[in-house]
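For reference, the structure discussed in these notes is given below.
Just so you know, ligand 1 is whichever comes first in the structure, and atom 1 is the first atom listed for that ligand. What you see below is based on every heavy atom in this structure, not just the backbone, and it leaves out hydrogens, waters and symmetry mates.
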Amino acid sequence: MKRYTYLIVGAGAAAASAASAIRKQDPQGSLLMLGAESDPPYQRPPLSKGLWLGKDKEEEITLKRPADWETLGVTLALGDPVINLDPERCVVGTKAGKTFFYEKLLLATGGQPRPLPTPPGLENRVFSLRSLADYRRLHTRATEGGTVLVIGGGFLGAELAVALSLQPGLAVHYCVSGKGPLAHVLPPPLMEQVSARYREAGVQLHVEHHFKDLRSESGQLISRFADGAEISCDWITYGIGMLSLTALAEAAGLVMAPGGVRVDDGMRSSDPRIWVSGDLATYPDPVWGTPLRLEHWDNAEATGRAAGSSMAGKEVHFQHQSMFYSDIYEFGFEAVGECRSDMDCYTDISPGGDKAVVYYLRDDQIHGILLWNVWDQVKTARSLIAQKAVVHLQELRGRIGDW
Ligand SMILES: Cc1cc2nc3c(=O)[nH]c(=O)nc-3n(C[C@H](O)[C@H](O)[C@H](O)COP(=O)(O)OP(=O)(O)OC[C@H]3O[C@@H](n4cnc5c(N)ncnc54)[C@H](O)[C@@H]3O)c2cc1C
C-alpha cells in the first residue's frame, strides 16, 4: 500500500487549487489526487454558459493539462471514487479496490444534484447537470431538438433556460416555483427585467409552479404541478439544488454542520489530519464569524488554496470574502456576501434601468451587495460589508453606482 504525504479526495476546483498551494509551500512531499470523474480537473461554470454560447470550448476549460500536473509533482488517479476512509489508520480505499495511506488528507468532494423525482423507465429523458459528462449527454439531447422543460429558479435552472433558448430547433418551457427566475436573490425590478428577457427570447416562462410529479402519456412527458397545471414536453432538465457529498466525512466521524463539514479558519476539520474545502466546507464567516458554507467557484478556489497552504504547514486564518457571478442573456452580475431577496433590500438602479447595485441588510448592517451590470466594484463591495457600519437605506444611494 502506497503512502502519500498529501492525499486529496476529489478532483475539482477546490482540489486543484489546494494542490497548487501545497506545491508553493512544499515542492517535495508526495501528492496524490483521487477523482471520481474520468476528466482531469476543469472549470464547472462554463457547463451551463460558455460551452453552449460558443464562448468556451471543452479543451479550453481544463484547469491544467495532464503534463502540467506531472510537472507540478501531482499524481492524478481518475475515474475511481474513494469509498472508504479509516481515520484511525489514515487509509482510504477506492471502488476499484486500491488503498492508500496518507499523512494529511483533504476532502474536496463537492456535491451532486438534488434529484428530481422520476418514475422508473423515464430516467433517460430527465437530465441533471453537474459534470462535463452530464454536459455532453445534455448537449447531445439538445441537438436532437423537441420541446424541453427546464425546472428550477436558481442559478443553474436560470442559466440552463438561457442556454437552451439559444439552441436552434428547441421549444423551451421554463418553470420556477417563485415569482420569477432568481427570485430568491433578485429584488422585483431586476427579476421583472429578467422575466421579460426570457419571454422576449421565446421561452414560455411559468412562475409559481411547484413541481409535483411526472408521468409518460402517448410518448410525451407530462409534468404536474401543485396547483394542478400540467406541461407536456419531450424531455426535461433541471437544477433544484445540490446535495454535498458528506458520506466519507460522516463515516470518519468528523464534526458536521448543516449540509457540510465543520472546519476552522484554516479549513481543518475535527480530525487534525483531515482538511475540507469547497462546497463541502462550513467555516467561520470572515466578517461575521457565523458558520458559512457556499456553493460558488471563487469560494472553492479560495478555500482550496487555504486548505493546501495549511496542510503544508503555513498558519492560515481565512479572510477571503468570496464572490459569485452569473450571466443571464446580456445581464451579468457579481455579488459578495449574503444576498437574499427576503432580507431588507435597497436597489440603487440607474435611470435607464440597465445597471443597479442591490444592498442586502440585516439589523441595518450591509451583509451582501449585488452588482448588476456594474463592473470592477467587487473590492469596494467587500470593504463596505467588512466595515459593518450601521446604515440607513436612503444613505446607500450612490455609494457604488455612479449615475
Ligand atoms: C453547471 C454549473 C455551473 C456553475 N456556475 C457557477 C458560476 O457561474 N459561478 C459560481 O460562482 N459558481 C458556479 N458553479 C458552482 C461551482 O462550480 C462550485 O461551487 C465548485 O465547482 C465547487 O468546487 P468543489 O471543488 O467543492 O466541488 P466540485 O467542483 O464538484 O469537485 C468535486 C470533485 O470531487 C469528485 N468526487 C466526489 N466524490 C468523490 C469521491 N468519493 N472520490 C473521488 N472523487 C470524488 C467529483 O466527481 C468532482 O470531480 C456552477 C456549478 C455547476 C455544476
Run through Leu214, Thr118, Val150, Leu122 and flag the one making a side-chain contact (heavy atoms from CB on, under 4.5 Å) with Ile236. Leu214
Check: of Pro81, Pro45, Ala77, min heavy-atom distance to atom 14 (N) of ligand 1 comes from Pro45
Phe318: which of Val263, Asp285, Thr303 passes side-chain contact (heavy atoms from CB on, under 4.5 Å): Thr303
Just to verify, which of Asp264, Val255, Val276 counts as forming a side-chain contact (heavy atoms from CB on, under 4.5 Å) with Ser269? Val276
Non-hydrogen atom of Met242 closer than 4.0 Å to ligand 1: no
Would you check whether Val82 has a nitrogen or oxygen atom less than 3.5 angstrom from a nitrogen or oxygen atom of ligand 1? yes
Consider every N or O of Arg130 and every N or O of ligand 1, then say whether any pair is closer than 3.5 Å. yes
Any nitrogen or oxygen of Gly35, main chain or side chain, under 3.5 Å from a nitrogen or oxygen of ligand 1? no
Ring centers of Tyr346, Tyr360 separated by less than 6.0 Å: no
Holding to salt bridge (Lys or Arg N to Asp or Glu O under 4.0 Å), I want the full list of residues that pass it with Asp213, two or more places apart in sequence or in another chain. Arg224
Only one of Arg130, Arg293, Arg44 forms a salt bridge (Lys or Arg N to Asp or Glu O under 4.0 Å) with Asp279, so which one is it? Arg130
Do we see a donor-acceptor contact under 3.5 Å between the side chains of Gln377 and Thr380? yes
Val9 heavy atom under 4.0 Å from ligand 1: yes
The option among Ala11, Pro40, Gly79 carrying the non-hydrogen atom nearest to atom 33 (C) of ligand 1 is Ala11
Any idea which of Asp80, Asn84, Asp279 brings a heavy atom closest to atom 22 (C) of ligand 1? Asp279
So is Ala108 touching ligand 1 or not, going by heavy atoms under 4.0 Å? yes
Ligand 1 and Tyr325, any nitrogen or oxygen pair closer than 3.5 angstrom? yes
Ignoring angles and geometry beyond distance, decide whether Ser48 reaches within less than 3.5 Å of ligand 1 through its nitrogen or oxygen atoms. no
